[in-house]
Amino acid sequence: MANVILPSGDTVVVDGGDLLAVLKERGETAAAVVVDGQLHDVRDPLPSRGDARAIGLDDPAAIEVLRHTASHVLAHAVTRLYPGVKLAIGPAIAEGFYYDFRFPAPINRDDLPRIAEEMAKIVAEDLPIERVWLPRNKAAALLAEKGEAYKLELLGEIPDERISFYRQGEFIDLCRGPHLPSTGLVQHFVLLDLAGAYWRGDATRDMLTRIYGTAFPTREALAEHLKWREEARKRDHRLLGPELDLFSIQNETVGAGLVLWHPKGAAVRHEIETFWKEEHYRAGYQLVATPHIGRARLWETSGHLDFYKDGMYSPMDIEGQEFYLKPMNCPFHIAIYKTHTRSYRDLPIRYAELGTVYRFERSGVLHGLLRVRGFTQDDAHIICRPDQIEDEVLACLDLTLHILGAFGFRDYKVALSVRDPEHTEHYIGSDAMWEEAERSLVRALERKGLPHIRMAGEAVFYGPKIDLHVLDSLKRSWQLTTIQFDFNEPERFDMAYIGDDGQAHRPYMVHRALLGSLERFFGILIEHYGGAFPAWLAPVQAAVLPVTEAEIPYAEGVAAELRAAGIRAEAWTKERKTLRWLIREAQVQKVPYMLVCGAREAAGGAVAVRLRTGEDLGHQRVADVVTRIKGAVTSRGASL
RNA sequence: GCCCGUGUAGCUCAGUCGGCAGAGCACUUCCUUGGUAAGGAAGAGGCCGUCGGUUCGAUUCCGACCGCGGGCUCCA
């Protein structure tokens, strides 16, 4: 006898375990059952005693089940339409689901409506979804008979002797579940995309066809999701970049993955850089500048030529010496450190640089500003004593939260990546160093009040790290800040400081980037703001718009006055366009302040102020407008 | 690199079932002196991604190559 809380909130006592019948009797539906925090099928036998909770489709925990079942409905439809198709895997993912297939002949996007139609039929048929347990040999025989080679491979990796399958109508699939009780519950779904995907993500194995889709419990939630996708598409920095004349990437003339910052993009970059430099000086960093190339021996010493050669460009011959374009700034910063004998009193030393590096990326992975071949890291290396490390990490967190906050990023997720405890031999540095480093990272996070997820085995070989992910205005997650211990290079470069005991000691080095790279960060910023930058970042902060030709000199005077006050202002006087045209152009360019100059304004030393938001502030004295804009700029706030 | 899609004017895209290439925006000139999201007219602009094949004839059909877009484990 089990007590079951139903989706309606009522509690019933289910005898004999037939929950489905009870639900039907009461006119309720359930997606799954939660027992001891685990999701189970509604059809599963209930525990002999204790409590269970049947959850409805709209329960947040049910969405994965819904989407997983949707992927089965997809696979079912595909097997009906394309005899001979082979099934691979079909999980629920963060925003929906996918299923990987090997089709007998290539399909394309135009096939998706047909498949979706077939899915709708399967939903309308409301087929019961039942779990079938087979002994291993029967499971293997079934899959072999169906020629499901990929499934057989998966079967080989399942340790159990009892193998779980799910059956709906004539379709049966190896699957661990759980699933909805019937196909009729997958009402609101859509197929979105088609893409290639390697079997098991391995480039040496078969290329499969992946079909992406998503499903929601209600029509409204699905519609909202599609709207969100549309909004994200409109904010795509690769669309907005050319549209707002911010940057270009010209493969034919310049090269793939190499970014040209146009005047307007460069204006934003200048603001980012200025702010960044000021804050770093304030936080006790010293700015350095280092060259773009360096001798091969530098990269031999650092180990890059051993571990990272594939990511580096070919060497160039300069007077018989090999030089490489730099993929990282660290060796140069270390070289500066080593120009003196350092005392424990000198530490911590914090070298910061907006350092431009070049890394080889395969052409297929290049993506707008987010994945490029030449980029400027907002890099810094903190060289310190072991007893200083915790405070240094804390100071890094303070600085990055302050800087990211200024760009409107206030939601964070933090990941702490540490060694794989099973394979400590894959990592450089002593156990004591790793433990102390992790302790100081955790303590710094705790002092900052930042919850984090600990990821064992995610650390790079040379040290543990903290990665900060921010959520943008569309709640999308981007990894920006990384704070990494480096046990490798201090060793390789034989870095030292003289302690109070008069002996040489090995310093700790922390490598950190807060924004990641200026290129990538700019791309994220464009999408975060949808191109409508706050006043302090806006490439053109104010457009001065004359109503008629008569006001052109006045408009130019106003713009000059604003520029003298340090505001990026332009008088739009090169062409005699109607005011309507000028306003529209300023709106499209997302200029925050539009200052209209007509005869009335020109007569009184005023402008009529229109904000990008559409708000009309009416007549304002020019001096007051300057004060307002300066205020918005210096506060680096979002309001205009 | 690999799978699917795609490549026509500076930009966004039509189009040619094989017969001298089209629109809107932008650009140039002229008219218009216009008060809060596009005033009107005319003009200029193309090796239809590149190379090869089929053909009397290819931007169109076929092949190769190049570029671009989406994607390439969030694991039955």
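Throughout, a chain's letter reflects where its sequence line sits, starting with A, and its residues are numbered from 1.
To the nearest whole angstrom, the two C1' atoms, one in B:C66 and one in B:G52, are 14 Å apart. Of the P atoms belonging to B:G49 and B:C13, the separation is 15 Å, rounded to the nearest Å. Annotation: B:C20 and B:C62 have their C1' atoms spaced 24 Å apart (nearest Å). A gap of 6 Å separates the P atoms of B:C48 and B:U59, to the nearest Å. For the C1' atoms, the distance linking B:G22 with B:G15 amounts to 7 Å, nearest Å.
Ring pair A:Phe103/A:Phe101 is tilted by interplanar angle, where 30° to 60° counts as tilted. Using cut-offs of 30° and 60° on the angle between ring planes, the pair A:Phe522 and A:Trp261 is parallel. Taking the six-membered ring where the residue is Trp, A:Phe360 and A:Tyr313 present perpendicular rings, their angle passing 60° and hence far from 30°.
Of the residues in residues 66-80 of chain A, not one comes within less than 4.0 Å of RNA chain B through any heavy atom. Near RNA chain B, meaning a heavy atom under 4.0 Å from it, residues 138-160 of chain A has A:Lys151, A:Leu154, A:Ile158 in order of number. A heavy atom closer than 4.0 Å to some atom of RNA chain B occurs in A:Ala599, A:Arg600, A:Glu601, A:Ala608, A:Arg610, these being the qualifying members of residues 599-622 of chain A.
A donor-acceptor pair under 3.5 Å is absent between the side-chain atoms of A:Asp41 and the main chain of A:Asp44, judged by distance alone.
Remark: A:Tyr150 pairs with A:Trp199 by the ring pair (Phe, Tyr, Trp, His ring centres under 6.0 Å) rule, at least two apart or across chains. Under the rule for a side chain to side chain donor-acceptor pair (under 3.5 Å), the partners of A:Asp245 that lie at least two apart in sequence or sit in another chain are A:His262. Under the rule for a salt bridge (charged side-chain N to carboxylate O under 4.0 Å, His left out), the partners of A:Arg371 that lie at least two apart in sequence or sit in another chain are A:Glu361. Take A:Glu527 and apply the salt bridge (charged side-chain N to carboxylate O under 4.0 Å, His left out) test, not counting sequence neighbours, and it matches A:Arg476. Residues passing the salt bridge (charged side-chain N to carboxylate O under 4.0 Å, His left out) test with A:Arg162, sequence neighbours excluded: none. With sequence neighbours left out, A:Arg80 forms a salt bridge (charged side-chain N to carboxylate O under 4.0 Å, His left out) with A:Glu118, A:Glu125, A:Glu170.
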Between the protein and nucleotides 38-45 of chain B, which nitrogen or oxygen pairs are less than 3.5 angstrom apart?
residue : atom : partner  : partner atom : Å
B:A38   : OP1  : A:Arg580 : NH2          : 2.1
B:A38   : N7   : A:Arg584 : NE           : 3.3
B:A38   : N6   : A:Arg584 : NH2          : 2.5
B:A38   : N1   : A:Arg584 : NH2          : 3.3
B:G39   : OP1  : A:Thr578 : OG1          : 3.3
B:G39   : OP2  : A:Thr578 : OG1          : 3.0

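Side chain to side chain, A:Gln587 and A:Arg610 meet the donor-acceptor criterion of an N or O pair below 3.5 Å. A donor atom on one side chain and an acceptor atom on the other are found under 3.5 Å apart for A:Tyr212 and A:Arg210. Side-chain contact annotation: A:Glu230 with A:Trp228, donor-acceptor N/O pair under 3.5 Å absent. At a cut-off of 3.5 Å, with distance as the only test, a side-chain donor of A:Ser164 or A:Arg131 sits close to an acceptor on the other residue.
When heavy atoms are screened at a 4.0 angstrom cut-off, A:Leu174 is found touching base atoms of the nucleic acid. Within the nucleic acid shown, A:Tyr212 comes within 4.0 Å of sugar-phosphate atoms alone, with no base atom in reach, counting heavy atoms only. Contact annotation for A:Arg210: backbone-only contact, meaning every heavy-atom pair under 4.0 Å involves sugar-phosphate atoms and none involves a base.
Helical stems in RNA chain B, defined as runs of 3 or more consecutive Watson-Crick or G-U wobble pairs with donor-acceptor distances under 3.5 Å: B:1-7 with B:66-72, B:10-13 with B:22-25, B:27-31 with B:39-43, B:49-53 with B:61-65.
For A:Ala256, whose side chain is taken as the heavy atoms from C-beta onward, the closest listed nucleotide among B:A76, B:A37, B:C68 is B:C68. Relative to the side chain of A:Tyr198, the nucleotides B:C74, B:G1, B:G70 differ in distance, and B:G1 lies closest.
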Heavy-atom protein contacts under 4.0 Å, nucleotides 4-13 of chain B, coded B base, S sugar-phosphate only, - none: SS--------
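With a 6.0 Å cutoff to the six-membered ring centre and a 45° limit on the axis angle, A:Arg102 does not count as a cation-pi contact of A:Tyr82.
OP1 or OP2 of B:C68 has not a single side-chain nitrogen or oxygen of A:His367 nearer than 4.0 Å.
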